[in-house]
Amino acid sequence: MRPPQRRGAAKQARLKEADEIRFLDEWIEAGKPRPGTKPPPPSKSAGARPAPPAAGEYPEYGACTRFDELPLSQKTKDALRKENFTEMSEIQRAALPHALCGRDVLGAAKTGSGKTLAFVIPVIEKLYRERWGPEDGVGCIILSPTSDLAGQIFSVIKIVGKYHSFKGGVIVGNRKGIEQEKERVNSLNILVCTPGRLLQHFDETPNFDCSQLQMLVLDEADQILDHGFKRQVDAIISQIPKVRQTLLFSATQTKSVKDLARVSLRDPEYISVHEEARTATPDTLEQYAMIVPLEQKLNMLWSFIKRHLNSKTIVFLSSVKQVKFVFEIFKKLRPGIPLKCMHGRMAYVVQQAIVADFNESTSVLFSTDLTSRGLDIKNVDWVVQVDCPQDMDYYIHRVGRTARYNKKGKALMFLCPEEEAMLEKLKAAESKIPIHIRKPKSEQLEQISQNIASVLVKFPNLQQLGKRAFVTYLKSVYLQKDKKVFDLSRFSAEQFAAYAASLGLPVTPTIRFISHKKNVSRKDAEDIDKKQMKSSSKPEVIINPQVNSDLIKDDGDDDILYPKKPTADANMDDGIDDDVLRAKEPTTDTNTKPDKVIELGKPLKKKKLKINVHRPMGTRVKYDDEGNTIPPLASVAEELASEPVVHKDKISQRYAEMLREMREHDKEDKLEHKKSLREKKLQKKLKLKRKRQEETEAESEEDSGSESDRGRDAASKGKKRYFNSDDDEDNAVKDGDVLAQQEALALKLLSKMHS
Ligand SMILES: Nc1ncnc2c1ncn2[C@@H]1O[C@H](COP(=O)(O)OP(=O)(O)OP(=O)(O)O)[C@@H](O)[C@H]1O
């Protein structure tokens, strides 16, 4: 139990808080700006710290320039002051007064102009004034397109809410951490999340409750309302209360009424503070473009890095494979500055560690467009776009990683001669992008292709990566919607070969999705065909480079025929593929792979049938009506199935025949057996007879032995019967008679001799 003094102090604090909230509510209401008004330009007196309003005084706050002039809680003011946030930026001056009085805001301002504070402060203040506590659950949701950005927003919430007692959390990532999150998500008051992860909670977390939601914020609103997030965002909007305050911010804001209707804004304040500005990019940003042939890009990048060893640089490439490849190769070649890389295939914690490290060090960060939006990294000197951005918005966000909040910065973009249309677009007056052309100085260009080739020989796994980098680059160009800028058919086979060589690859990887037949010379086409025949025995499926990419769906990062489904979440959530980050357009919900991609408007090439030499000779492949092969057993079964399988009559008839045959055979065998037995017996008897006869003759000659004995013996012998069979009995009787006669004869002879 708390001691009485502390209980008293807590009560005092609560009462003070209640008084402050009452005062703030009254001030906000009384001093609020009229809807649709913009703040006037800052007055000369701006900068001096104003006296706090006296009791009962509610000054208008629509025109103030400093944070402490706003109707904010003391806790928030203290936290801002501690971080040296005193003067408001333009977007903060324009948006905060409207947002604080509860209006929906659609805010647009240049990159690095402080939009995050423009929505974080109203979130904290709203929950404070509503006396939001842990038991009240989710009071505010902030949606961010990437995990990193969500983490960054959360760190700003922690700064501003330092003295408040809300609970907040970053809800991002893959499936891994969701179980722990489910347990605590309902106790969080502020959720900063990616749309996909939030939807996962709506779907899976029991009792996930957002029914009391006060505010919804969309950072990088144009991207969140874009195609890639459509399904998730619509599902989220349908599950949160309609009555709420909604804030939308981005450097490149959506103007689509349809999009805005989707988030059901109520009389929103359209605040675009730099609409009248001379440039769409920060004034402190110097921008350059350089026409660099495809095969010279890596040489140029290497040369640039070597000449800027004391600069913090972000290098943008269009695919994960390219980022990995260039990072690994350059690391091996040791340019003399620390190198880092970042892409969507990395775990969130790894990404965060890299950002933190990059924040503190002078190094080169190779990245996909994962870092192109929102990321606030301190003191970036250069942004180098090795691969052309997919559109103007991407260009603005990429270069916006430097020259943040009045700091200076420089941006350089490499453009292939074939992509010069992008330069025209950027230079167009309405684009408001002051970009200067720089000619590459050939004497400063270091040729590193040979060095890369040597590295690849030493590290064969890098060769594989190089091949993938080559293919994913071409794939990313191929998938671009803006064919005025991105058209692979403008490149010749020689250029691709030279590009492959510049990556150190000994052979040009096969590019199955490109047809050169349109605009290359006959000789070129023949060369390609020969090359392809050499490199692959597989028949090539050739598709038109202009093929409607909506037809194409993805099945994995290896198959160049099927580009990835580029949901915006794919760019950031751990483990989710962002291989071709720029390919946003061809989004479809199914992940099924089409049977094949065909050249539009042309008849389908007859597929060559392969002869399976391993198939046993004489076996016949059968096909069903739809052309599918039927397994041999199935076909046999089918044939039999056409007749009745069991014939009972035939079977019983057959059995009867067999029985008859068996009996006949048996009879024959028996007769045969009897005959042989009889013969044997006869032989035996004859043998015996002969023997006795011989004995008798001998006895008669010797005339020895008693008569009775002989007669007994002879009688007993004569009585001896053999019954081997019925017939034998007769025979034995007959034999016995003969013997008796012979005995009688023998006795007669003896008696004659003795008389
Ligand atoms: N009033 C302020 N005073 C001083 N620094 C500020 C102020 N407001 C914002 N900043 C700083 O300006 C930098 C850029 O702010 P923030 O990231 O909010 O820009 P942003 O407009 O959201 O940029 P992006 O469009 O690239 O997302 C941050 O480092 C932030 O701390």
Side-chain angles (χ1 to χ4, degrees), residues 39 42 46-47 64-70 72 76-77 79-96 99 105 107-123 142-146 148-160 162 192 217-224 247-254 271-274 277 279-285 312 314 316 355-356 358-360 367 369-380 383 393-409 411 572:
C64 41
T65 57
R66 296 171 57 100
F67 288 112
D68 51 14
E69 292 172 319
L70 290 171
L72 302 178
T76 300
K77 283 182 180 174
L80 290 171
R81 197 175 313 118
K82 196 157 190 298
E83 286 296 316
N84 289 323
F85 292 134
T86 50
E87 296 290 327
M88 286 189 278
S89 70
E90 266 189 85
I91 183 68
Q92 292 158 0
R93 283 189 70 215
L96 279 171
V105 171
K110 291 180 187 182
T111 54
S113 59
K115 294 184 286 292
T116 315
L117 279 182
F119 60 78
V120 164
I121 294 173
V123 164
I142 301 175
L143 291 180
S144 149
T146 70
D148 287 294
L149 193 48
Q152 191 180 289
I153 294 166
F154 189 63
S155 63
V156 177
I157 291 174
K158 282 201 282 190
I159 288 171
V160 180
K162 188 178 172 129
V192 189
V217 180
L218 271 61
D219 192 19
E220 306 296 342
D222 57 332
Q223 191 180 359
I224 289 189
L247 309 178
L248 272 59
F249 283 89
S250 183
T252 48
Q253 195 55 276
T254 177
I271 299 167
S272 181
V273 289
H274 299 121
T279 63
T281 45
D283 296 337
T284 49
L285 177 67
K312 186 188 269 200
I314 302 182
F316 284 107
V355 169
F358 188 56
N359 235 328
E360 300 307 322
S367 178
D369 274 321
L370 180 73
T371 57
S372 68
R373 273 182 182 252
L375 221 59
D376 185 43
I377 295 165
K378 269 193 281 175
N379 305 324
V380 174
V383 166
D393 285 358
Y394 269 77
Y395 175 88
I396 289 171
H397 285 283
R398 280 178 171 188
V399 297
R401 296 317 99 207
T402 184
R404 295 178 71 74
Y405 210 79
N406 306 327
K407 292 242 167 63
K408 285 187 177 176
M572 73 303 294

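Computed from heavy atoms alone, side chains included, the values below leave out hydrogens, waters and symmetry copies. Note that ligands are numbered from 1 as they come in the structure, with each ligand's atoms numbered from 1 the same way. Predicted model, so just to flag it, every value in this text is computed and none were measured.
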Next on the checklist: Among Leu285, Ile377, Asn379, exactly one meets side chain to side chain contact (heavy atoms under 4.5 Å, CB included) together with Thr402. Which residue is that?
Outcome noted: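 That would be Leu285.
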
Taking only heavy atoms of [X], which atoms of ligand 1 are found under 4.0 Å from at least one of them?
| X | answer |
| --- | --- |
| Glu220 | 27 (O) |
| Phe67 | 1 (N) |
| Phe85 | 2 (C), 3 (N), 4 (C), 5 (N), 6 (C), 7 (C), 10 (N), 31 (O) |
| Leu117 | 8 (N) |
| Thr116 | 16 (P), 17 (O), 18 (O), 22 (O) |
| Glu87 | 1 (N), 2 (C), 3 (N) |
| Ser113 | 19 (O), 20 (P), 21 (O) |
| Asp376 | 13 (C), 14 (C), 17 (O), 28 (C), 29 (O) |

May I ask whether [X] places a heavy atom under 4.0 Å from ligand 1?
| X | value |
| --- | --- |
| Phe249 | no |
| Arg401 | yes |
| Ala109 | no |
| His397 | no |

Name the closest protein heavy atom to [atom], giving the residue it belongs to and the distance to 0.1 Å.
| atom | value |
| --- | --- |
| atom 17 (O) of ligand 1 | Arg404 NH2, 3.0 Å |
| atom 2 (C) of ligand 1 | Tyr405 OH, 3.0 Å |
| atom 8 (N) of ligand 1 | Gln92 NE2, 2.8 Å |
| atom 27 (O) of ligand 1 | Gly374 CA, 3.2 Å |

[atom1]-[atom2] distance between [X] and [Y], expressed to the nearest 0.5 angstrom:
| X | Y | atom1 | atom2 | answer |
| --- | --- | --- | --- | --- |
| Leu375 | Ser367 | CG | OG | 8.0 Å |
| Thr371 | Leu149 | OG1 | CG | 11.0 Å |
| Met88 | Glu69 | CE | CD | 6.5 Å |
| Leu70 | Leu96 | CG | CG | 6.0 Å |
| Thr111 | Arg404 | OG1 | CZ | 6.0 Å |
| Glu87 | Asp68 | CD | CG | 8.5 Å |

Checklist entry - Has Lys77 got its NZ or CZ under 6.0 Å from the middle of the six-membered ring of Phe67, at an angle within 45 degrees of the ring axis? => result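 That pair does not qualify as a cation-pi contact.
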
Checklist entry - So which bit of Thr111 gets within less than 4.0 Å of ligand 1, heavy atoms only: side chain, backbone, both or neither? => result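 Both backbone and side chain of Thr111 come within 4.0 Å of ligand 1.
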
Below 3.5 Å, N or O to N or O, backbone or side chain included: is there any such pair between [X] and ligand 1?
| X | value |
| --- | --- |
| Gln152 | no |
| Gly114 | yes |
| Met88 | no |
| Asn84 | no |

Checklist entry - Of the choices Ser250, Ala108, Gly112, which has the non-hydrogen atom that lies closest to atom 23 (O) of ligand 1? => result Gly112

Next on the checklist: For atom 20 (P) of ligand 1, which of the options Arg373, Glu90, Lys115 provides the nearest non-hydrogen atom?
Outcome noted: Lys115

Checklist entry - Is any NZ, NE, NH1 or NH2 atom of the basic residue among Arg373 and Asp393 found under 4.0 Å from an Asp or Glu carboxylate oxygen of the other? => result no

Item to check | Minimum-distance pair of heavy atoms, taken over all atoms of Pro122 and Ala99 | outcome: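 Reported closest heavy-atom pair: CG-CB, 3.6 Å.
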
Item to check | Parallel, tilted or perpendicular: rings of Phe249 and Phe119 (30°, 60°) | outcome: tilted

Next on the checklist: If the condition is salt bridge (Lys or Arg N to Asp or Glu O under 4.0 Å), which residues does Lys115 pass it with, not counting sequence neighbours?
Outcome noted: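 Result, salt bridge (Lys or Arg N to Asp or Glu O under 4.0 Å) vs Lys115: none returned.
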
Item to check | Qualifying residues under salt bridge (Lys or Arg N to Asp or Glu O under 4.0 Å), relative to Arg401, sequence neighbours excluded | outcome: none

Next on the checklist: Could you check whether atom NZ of Lys407 has more than 12 heavy atoms from other residues, nucleotides or ligands sitting under 6.0 Å from it?
Outcome noted: no

